[in-house]
Amino acid sequence: MSYSNLKRVDLIFDKECNPKEIIKNTWAKSNDQIINELLESGLKGRGGAGFPTALKWKYTAEQPEPDKYIICNADEGEPGTFKDREILFKVPQKVFGGMAVGAKVIGAKEGFIYLRGEYRFLLPELEAQLESFHEILKDLKIDFRIKIIMGSGAYICGEESALFESMEGHRGEPRNKPPYPTIAGFRSKPTVINNVETLVYAFMICMHGARKFKDLGTADSRGSKVFSISGDTPKAGIYELELGMTVEQFVEEFGDGDTKAVQVGGASGFCVPRKKFKETIIGFEGVPTGGSMMLFNSSRSMFNVLHNYLEFFEEESCGQCTPCRVGCQQLILGIEAVKKGERHASYLEHLQKLAQTMKITAKCGLGQSVANSFFSIVENFKEEMIY
Amino acid sequence: MPEIKELVKNLASKHGKTRESLIPILQGVIHEERYISDEAMTEIARELDISAAQVYGTATFYSFLDTQPRGKYVIRVCRTISCAMKGKNLITHEIEDMLKIKVGETTQNKKFSLLETNCLGWCHKGPAMLINDDAFTDLTAEKVREIINQYIKK
Ligand SMILES: Cc1cc2nc3c(=O)[nH]c(=O)nc-3n(C[C@H](O)[C@H](O)[C@H](O)COP(=O)(O)O)c2cc1C
Ligand code: SF4
């Protein structure tokens, strides 16, 4: 496979890794040493929000509560991402290893993996892998256990506080923040919750040191990232690439020669039109992404794309707060009315105001991020919304 | 319904009787029955000593915790954009044709239900669908006919 202008990285799926060795070596270090190494690496969360992992662990470690938890977020529901499934399938021991190190640092004895219901077929193999991991911990006399909790088909449960609600046996309705999970998470105890990929990188940083990771990427987006690539591309699949590339470089490699837009970050992310490919960096300084990259060529209707995303949000909204519950419905009705000519094109501006209001007033990230795709698609493809 | 009583009792002794056991118990009922009946909900409420409204409220939040009767095999076709672009409609129509049901319906012999669902996490291999817990990808009309025929014979 050729990667003409993109640097391919192989940290996540590299099988040259002995979890027992890494854990033994890491346990010889102090918690401060581990946190400093992570801080030095510049690792930021891979679940979307991009919070520095070292700080999340540090804040939780500082809590005086005796009971704390570490949770691996494997709810992976963002349209266009499928890399966590592949990571859990191919290198589960590395995920467990990252959880164990996090548990050591914060002082947790119990960890949980919240696995989306759609991935239940992974469960038997994961349980078997977990058993052998628990053996390793037992050999090393480490008091930590991981349990797998199954989701039941709700995208919102990927939002951390909704995930805690779900684990506690309730409807997956997000909580008010603060308090943040570092102070009151699962069972209202200090909790670290990390994406699957974040945990593997943390473990790989324990294995290789911060340097190898830090040498990759840019000042704001250190390291590499696993991308889930789909849509109009001859090379759909999962790729680990160095951060800091532009959309133009990305399209040169993965496009089909006729790419008119790339949706970066899934339905809750941003649509980048062709005229902005050159100037847009994929990373925290440009368009952030949990790894979802969908390519659209000129045969696609961006109206249909937006409509599909809005239907997704409308159905997955937990319905708890009005701006999101009603806003999503109204945005769908609104763009349909403009398309059918029942409303004047200027109505789109009203809808943009509504999306903006949702950004400010919705309770959680779901309702707040609807405006991302709405604005970036409506503004860049206005004619497609109208005609 | 004595069987439901028995099932809920067994699930409760396996998962515990705390609020945190509620969803695993509901998932257990789905696994056996493919849907959670009113009787099952009342029974779970009794077993966990919470109100039936709590059980109902929780169950109805989750799309995989069906509260209306479903067939033995629940087919969920992904309707998110990547699969839609790769011809999801063709797949849905093929299944509708074969089973003589529309999306949302269950065959008369209670063997199949056909539903559409949001992103299944197989966007690079669309169109994709689940039948109960098993994933099928890179679907074509021909492939989907073969798969459904195998299930019909089961
Ligand atoms: C609606 C919504 C859905 C989310 N889904 C996921 C998810 O499936 N997986 C995930 O890791 N993070 C998801 N997140 C982000 C989590 O709330 C949380 O920030 C993340 O798990 C933290 O891990 P990280 O610091 O390693 O990125 C979601 C957030 C929102 C608002
Ligand atoms: S923004 Fe939407 S998903 Fe989030 S709490 Fe409000 S209604 Fe629920």
Side-chain angles (χ1 to χ4, degrees), chain A residues 76-86 116-123 149-157 165-173 187 228-233 235-238 263 266-267 292 294-297 299-300 304-309 311-312 315-316 318-319, chain B residues 15-31 36 44 48 50 54-66 74 76 78-86 88 115-138:
Chain A
E76 187 162 68
E78 188 64 51
T81 88
F82 37 93
K83 45 113 189 157
D84 292 340
R85 170 178 49 73
E86 190 87 345
R116 70 187 305 222
E118 289 84 344
Y119 293 169
R120 189 180 274 274
F121 59 87
L122 289 174
L123 195 57
I149 305 282
M150 292 306 305
S152 262
Y155 164 69
I156 191 58
C157 288
E165 286 293 315
S166 177
M167 281 180 58
E168 291 174 19
H170 296 276
R171 294 165 68 86
E173 291 173 349
R187 298 176 182 156
S228 310
I229 301 170
S230 70
D232 294 313
T233 165
K235 297 181 186 171
I238 293 158
Q263 180 80 15
S292 169
M294 296 194 244
L295 295 95
F296 302 109
N297 69 21
S299 76
R300 303 297 174 185
N304 287 350
V305 172
L306 179 61
H307 195 269
N308 190 281
Y309 291 160
E311 280 184 328
F312 170 79
E315 189 171 298
E316 297 293 346
C318 83
Chain B
H15 297 290
K17 294 191 178 193
T18 65
R19 182 66 196 239
E20 280 177 24
S21 333
L22 175 57
I23 294 178
I25 292 174
L26 291 168
Q27 289 168 339
V29 173
I30 289 286
H31 185 77
I36 304 157
I44 293 170
L48 301 190
I50 54 179
Q54 295 274 346
V55 178
Y56 178 81
T58 307
T60 50
F61 185 84
Y62 296 92
S63 67
F64 282 15
L65 301 180
D66 283 308
V74 180
R76 291 186 161 88
C78 176
R79 64 158 155 249
T80 300
I81 191 74
S82 296
C83 280
M85 283 164 41
K86 291 277 176 309
K88 167 228 92 170
L115 304 172
E116 285 189 344
T117 191
N118 290 329
C119 193
L120 288 174
W122 291 99
C123 325
H124 57 324
K125 295 186 178 202
M129 67 176 181
L130 286 179
I131 301 184
N132 293 349
D133 295 339
D134 294 323
F136 298 89
T137 61
D138 291 313

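Every chain is numbered from 1, with letters handed out A, B, ... down the list of sequences.
Options A:Arg187, A:Glu86, A:His307, A:Glu76 differ in how many heavy-atom pairs under 4.5 Å they form with chain B, and the most are formed by A:Arg187. Contact count versus chain B (heavy atoms, under 4.5 Å) is highest, among A:Gly266, A:Gly77, A:Gly80, A:Ser228, for A:Gly80. Among B:Ile23, B:Asn132, B:Asp134, B:Asn118, the residue making the largest number of heavy-atom pairs under 4.5 Å with chain A is B:Asn118.
Residues B:Thr117 and B:Leu130 are not in side-chain contact: their nearest non-hydrogen atoms beyond the backbone lie 4.5 Å or more apart. Two residues are said to be in side-chain contact when any heavy atoms from C-beta on lie closer than 4.5 Å; B:Leu65 and B:Thr60 fail this criterion. Side-chain contact check for A:Arg85 versus B:Trp122: some heavy-atom pair is nearer than 4.5 Å. In this structure, A:Ile238 and A:Ile229 have side chains that are not in contact, with every pair of non-hydrogen atoms separated by 4.5 Å or more.
Residue A:Glu311 does not touch chain B at all, counting heavy-atom pairs closer than 4.5 Å. Both the backbone and the side chain of B:Leu120 come within contact range of chain A, judged by heavy atoms closer than 4.5 Å. Contact annotation for A:Ser299: neither backbone nor side-chain heavy atoms come within less than 4.5 Å of a heavy atom of chain B. Proximity to chain B is limited to the side chain of A:Ile156, based on heavy atoms less than 4.5 angstrom apart. Contact of A:Met294 with chain B is made through the side chain alone, with heavy-atom distances under 4.5 Å. Heavy atoms of A:Tyr309 lying under 4.5 Å from chain B belong exclusively to its side chain. Heavy atoms closer than 4.5 Å to chain B are found in the side chain of A:Cys157, but not in its backbone. Of the atoms belonging to B:Arg76, not a single heavy atom falls under 4.5 Å from chain A. The part of A:Asn304 that comes within reach of chain B is its backbone (N, CA, C, O), which places non-hydrogen atoms under 4.5 angstrom from that chain. Looking at B:Lys125, neither its backbone nor its side chain comes within 4.5 Å of chain A, counting heavy atoms on both sides.
Inspection of the B:Gln27 and A:Ser152 side chains reveals an N or O donor paired with an N or O acceptor under 3.5 Å. A donor-acceptor contact under 3.5 angstrom links the side chains of A:Ser230 and B:Ser82, judged on distance only.
Classification of B:Arg79 and A:Glu315 as a salt-bridged pair holds, one side-chain N sitting under 4.0 Å from a carboxylate O.
Atom CZ of A:Phe121 is surrounded by more than 12 heavy atoms from other residues, nucleotides or ligands within 6.0 Å.
Here NE2 of B:His31 is found 15.0 Å from CG of B:Leu26. Values are rounded to the nearest 0.5 Å.
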